[in-house]
Amino acid sequence: MTGTREVLVLVDHADGSVRRTTGELLTIAARLGEPSAVFLGPGIDAAREQLRAYGAAKVYVCDSADVTDYLVVPQVEVLEHLVQRTSPAAVLLPSNPEGKEIAARLAVRTGSGLITDAVDVRAATDADADAGPVTTQSVFAGGFSVQARVTSGTPVITVKPNSATPDETAGPGVEEPVEMTVSDDAKAARVTGREARTSSGRPELTEASIVVSGGRGTGGDFGPVEDLADALGAAVGASRAAVDSGWYPHSYQVGQTGKTVSPQLYVACGISGAIQHRAGMQTSKAIVAVNKDAEAPIFELVDFGVVGDLTTVLPQVSEAIKARKG
Amino acid sequence: MRIVVCVKLVPDATASRSFEPDHTVDRVSVDGLLSELDEYAVEEALRIRDAASEDGEVVAVTMGPQAAADAVRKSLQMGADSGVHVLDEAIAGSDAPATSLVLAATLRKLGADTGPVDLVVCGMASTDGTMGVVPAMLAERLGLPQLTYANQVTVDDSNGAYRVQVRRDSDLATETVEAAAPVVVSVTDQINEPRYPSFKGIMAAKKKPVQTWSLSDVGVDPAEVGLSAAWTAVVSAEARPPRSAGTVVTDEGDGGTRLAEYLVEKKFV
């Protein structure tokens, strides 16, 4: 690895509001080469300073509205064009559904290997100088740690949130417009409606450094869970049981079929800890649980656990924290 | 409407899953079952078939070793009409690009043999690989639009052509997306409540046709698939050390206080 090849990072943003994960991806990109941000869709004016602050050496901009009006494929076309133009050392994308699907199509289109859900990416250190970066993934519900690399084409890697601490060393962020017309083939799946979810005012679930989640044991009352989350400045999550019962929206579900979180602290309240839930939170740095059932499997994972009724334990925690904070 | 549902046999997630020495998933020592997330795809395919104004058909397609046929059988028991199992030793160890290559070739053959496919339905991800990229790759290889992560699917056949609309939750918004068939759809576990096979369904499944095809039947060169053709390589796969046992206290009136003390001590407060 010469360190001078570009590494493309697809910027995750909503109308120019850049998400924290982009900073993490640019930081990882800087380990592998020269970080180039790829900004697609409207909003660059709002994003420019943030991308420089995150260390982008270059910023490719394609502000076509087609990118937001049609699902995934217009973004694939722009990235394919940039891969051909820059022969990057790797392409990094956020590990959310859209990022993974852009990556999937890009990989097939460019004959490239794809690795998803990386929790770490490092430059090759072995004798084989051409070998691509080595990724780390957490598989089988966190039971195994797998290291892998791409062996064909341009490494296309999707990276989970909280996989790096964003480096605050600013980059020049030299802007290069990408002038291209999105093909008609890319406009087959039209987005006909988009309702932004109202913000809870709490941190975003996948990005939060603390997550407090509630499950069946809440009995449907998330009040104590939300109060503790607010005392800790945390995001709120929910188990599948709570979501299936209609107690909390699906977009807050933590687990195999919901969000995967990897915060500094995960607080599981009234959650038994089924394998499907563990798949979504087992890589959390510290795990705390409150559950009435001393036999709940969640207690096998915890750093600190309380066997007790969450409706009395959680308010006591919240009060103690508030008292301390004054 | 002619619907194909792609299904996969996976190791039971509640068992102790592991890897073979070549870093492929151990599919022998743990019982296999139809991936839970594919049950939602089968259920949705059946509902779309049954809601259509004209007669329709659901074909369950799988690939993999002999045992993978169980995934097709379960789909037939739930109500699918026929099945295809692509069985070939060369498939072992295939990565997602190779999987999508075989599935795309299989769908092309189905279309050529028995008429065009209008809709392909997949689960949002498998419960073993969990990448969730095969539906998008399959759409890419077939040159079709994808409508993925659907919480709701609506098929409109009022104008002599099928239009498919889905509702989905992205990270920050709820979206509606639509495309003209043929289209590849993937569905989440929010979309429906999969049925259990009835006794009648189990008996009827025994008489339903299942075709077994080799790679040469579907026109895929064995050198393009399998572990040796994978575009990624696993360097190592290691069991994580179990999390060291923490402190568990029983609440005797001060459980919350002790938890708060822990959080302060660890500087979370």
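Heavy-atom basis, side chains included; hydrogens, waters and symmetry copies ignored. In what follows, chains are A, B, ... by sequence order, proteins preceding strands, each numbered from 1. What you are looking at is a predicted structure, and each value in this text was computed from that prediction instead of being measured.
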Colleague: With a 4.5 angstrom heavy-atom cut-off, is it the side chain or the backbone of Val183(B) that approaches chain A, or both, or neither?
Modeller: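 Val183(B) has no heavy atom closer than 4.5 Å to chain A.
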Colleague: Is it the backbone or the side chain of Glu36(B) that comes under 4.5 Å from a heavy atom of chain A, or both, or neither?
Modeller: side chain
Colleague: For Arg167(B), which atoms come within 4.5 Å of any heavy atom of chain A: side chain, backbone, both, or neither?
Modeller: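 For Arg167(B), the side chain is the part near chain A, not the backbone.
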Colleague: Heavy-atom pairs under 4.5 Å with chain B are the metric here; pick the option from Thr116(A), Val313(A), Asp303(A), Val150(A) that has the most.
Modeller: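 Ranked by contacts with chain B, first place is Asp303(A).
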Colleague: Give, as side chain, backbone, both or neither, the part of Ala139(B) having an atom under 4.5 angstrom from any heavy atom of chain A.
Modeller: both
Colleague: In terms of heavy-atom pairs under 4.5 Å with chain B, which of Ala320(A), Ser251(A), Ala14(A), Ala286(A) leads?
Modeller: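 Counting heavy-atom pairs under 4.5 Å, the top option is Ala286(A).
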Colleague: Does atom CZ of Arg190(A) have more than 12 heavy-atom neighbours from other groups under 6.0 Å away?
Modeller: no
Colleague: With a 4.5 angstrom heavy-atom cut-off, which part of Leu263(B) approaches chain A: side chain, backbone, both or neither?
Modeller: side chain
Colleague: Is chain A contacted by the side chain of Ala96(B), its backbone, both, or neither, given a heavy-atom distance below 4.5 Å?
Modeller: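 For Ala96(B), neither part sits under 4.5 Å from chain A.
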Colleague: Of all of Ile275(A), Thr192(A), Thr135(A), Leu232(A), which one pairs up most often with chain B through heavy atoms under 4.5 Å apart?
Modeller: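 That would be Thr192(A).
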Colleague: Heavy-atom distances under 4.5 Å only: say whether Asp95(B) touches chain A with side chain, backbone, both or neither.
Modeller: neither
Colleague: Among Val191(A), Asp117(A), Thr257(A), which has the most heavy-atom pairs under 4.5 Å with chain B?
Modeller: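 The option with the most such pairs is Thr257(A).
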Colleague: Where does Tyr149(B) contact chain A at under 4.5 Å (heavy atoms): side chain, backbone, both or neither?
Modeller: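 Just the side chain, heavy atoms under 4.5 Å.
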Colleague: Within the 3.5 Å criterion, strictly below it, is a donor on Asp12(A) or Thr22(A) matched to an acceptor on the partner's side chain?
Modeller: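 Note: Asp12(A) and Thr22(A) side chains miss the donor-acceptor criterion.
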Colleague: If you tally heavy-atom pairs under 4.5 Å against chain B, which of Lys100(A), His250(A), Gln137(A) wins?
Modeller: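 Top option by heavy-atom pairs under 4.5 Å: His250(A).
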Colleague: Would you say the side chains of Gln282(A) and Arg240(B) form a donor-acceptor pair under 3.5 Å?
Modeller: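 There is no such pair (donor and acceptor under 3.5 Å, judged by atom type) between the side chains of Gln282(A) and Arg240(B).
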Colleague: Side-chain donor-acceptor pair under 3.5 Å between Glu98(A) and Ser170(B), yes or no?
Modeller: no
Colleague: Can you say whether Met131(B) sits under 4.5 Å from chain A via the side chain, the backbone, both, or neither, judging by heavy atoms?
Modeller: both
Colleague: To the nearest 0.5 Å, how far apart are CD in Glu175(B) and CZ in Arg168(B)?
Modeller: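 One finds 5.0 Å between CD of Glu175(B) and CZ of Arg168(B).
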Colleague: Is Thr312(A) in contact with chain B via its backbone, its side chain, both, or neither, using a 4.5 Å heavy-atom distance?
Modeller: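 Interface part for Thr312(A): side chain.
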Colleague: Could you check Thr127(B), Thr99(B), Asp128(B), Asp38(B) and say which one makes a side-chain hydrogen bond (donor to acceptor under 3.5 Å, both in side chains) with Lys8(B)?
Modeller: Asp128(B)
Colleague: Could you verify whether a donor N or O on one side chain and an acceptor N or O on the other, from Thr206(A) and Glu204(A), lie under 3.5 Å apart?
Modeller: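 Checked: Thr206(A)/Glu204(A) side chains pair up, N/O donor to acceptor below 3.5 Å.
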Colleague: Contact between Thr21(A) and Asn96(A) at the side-chain level, heavy atoms closer than 4.5 Å - yes or no?
Modeller: no
Colleague: Can you check side chain to side chain contact (heavy atoms under 4.5 Å, CB included) on Gln256(A) and Asp189(B), steps first, answer last?
Modeller: CA-CA 10 Å; Gln256(A) 185 178 57; Asp189(B) 61 342; over 6 Å; no
Colleague: Taking C-beta and beyond as the side chain, do Trp231(B) and Leu114(A) meet within less than 4.5 Å on heavy atoms?
Modeller: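 They are not in side-chain contact.
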Colleague: Got a second to check how far Arg20(A)'s CZ is from Glu207(A)'s CD, nearest 0.5 Å?
Modeller: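 Atom-to-atom, Arg20(A):CZ and Glu207(A):CD are 7.0 Å apart.
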Colleague: Checking Ile102(A) against chain B: side chain, backbone, both or neither under 4.5 Å from a heavy atom?
Modeller: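 No part of Ile102(A) comes within 4.5 Å of chain B.
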Colleague: Heavy atoms only, distances under 4.5 angstrom: which of Val139(A), Val72(A), Leu301(A), Val290(A) has the most pairs with chain B? Name it, please.
Modeller: Leu301(A)
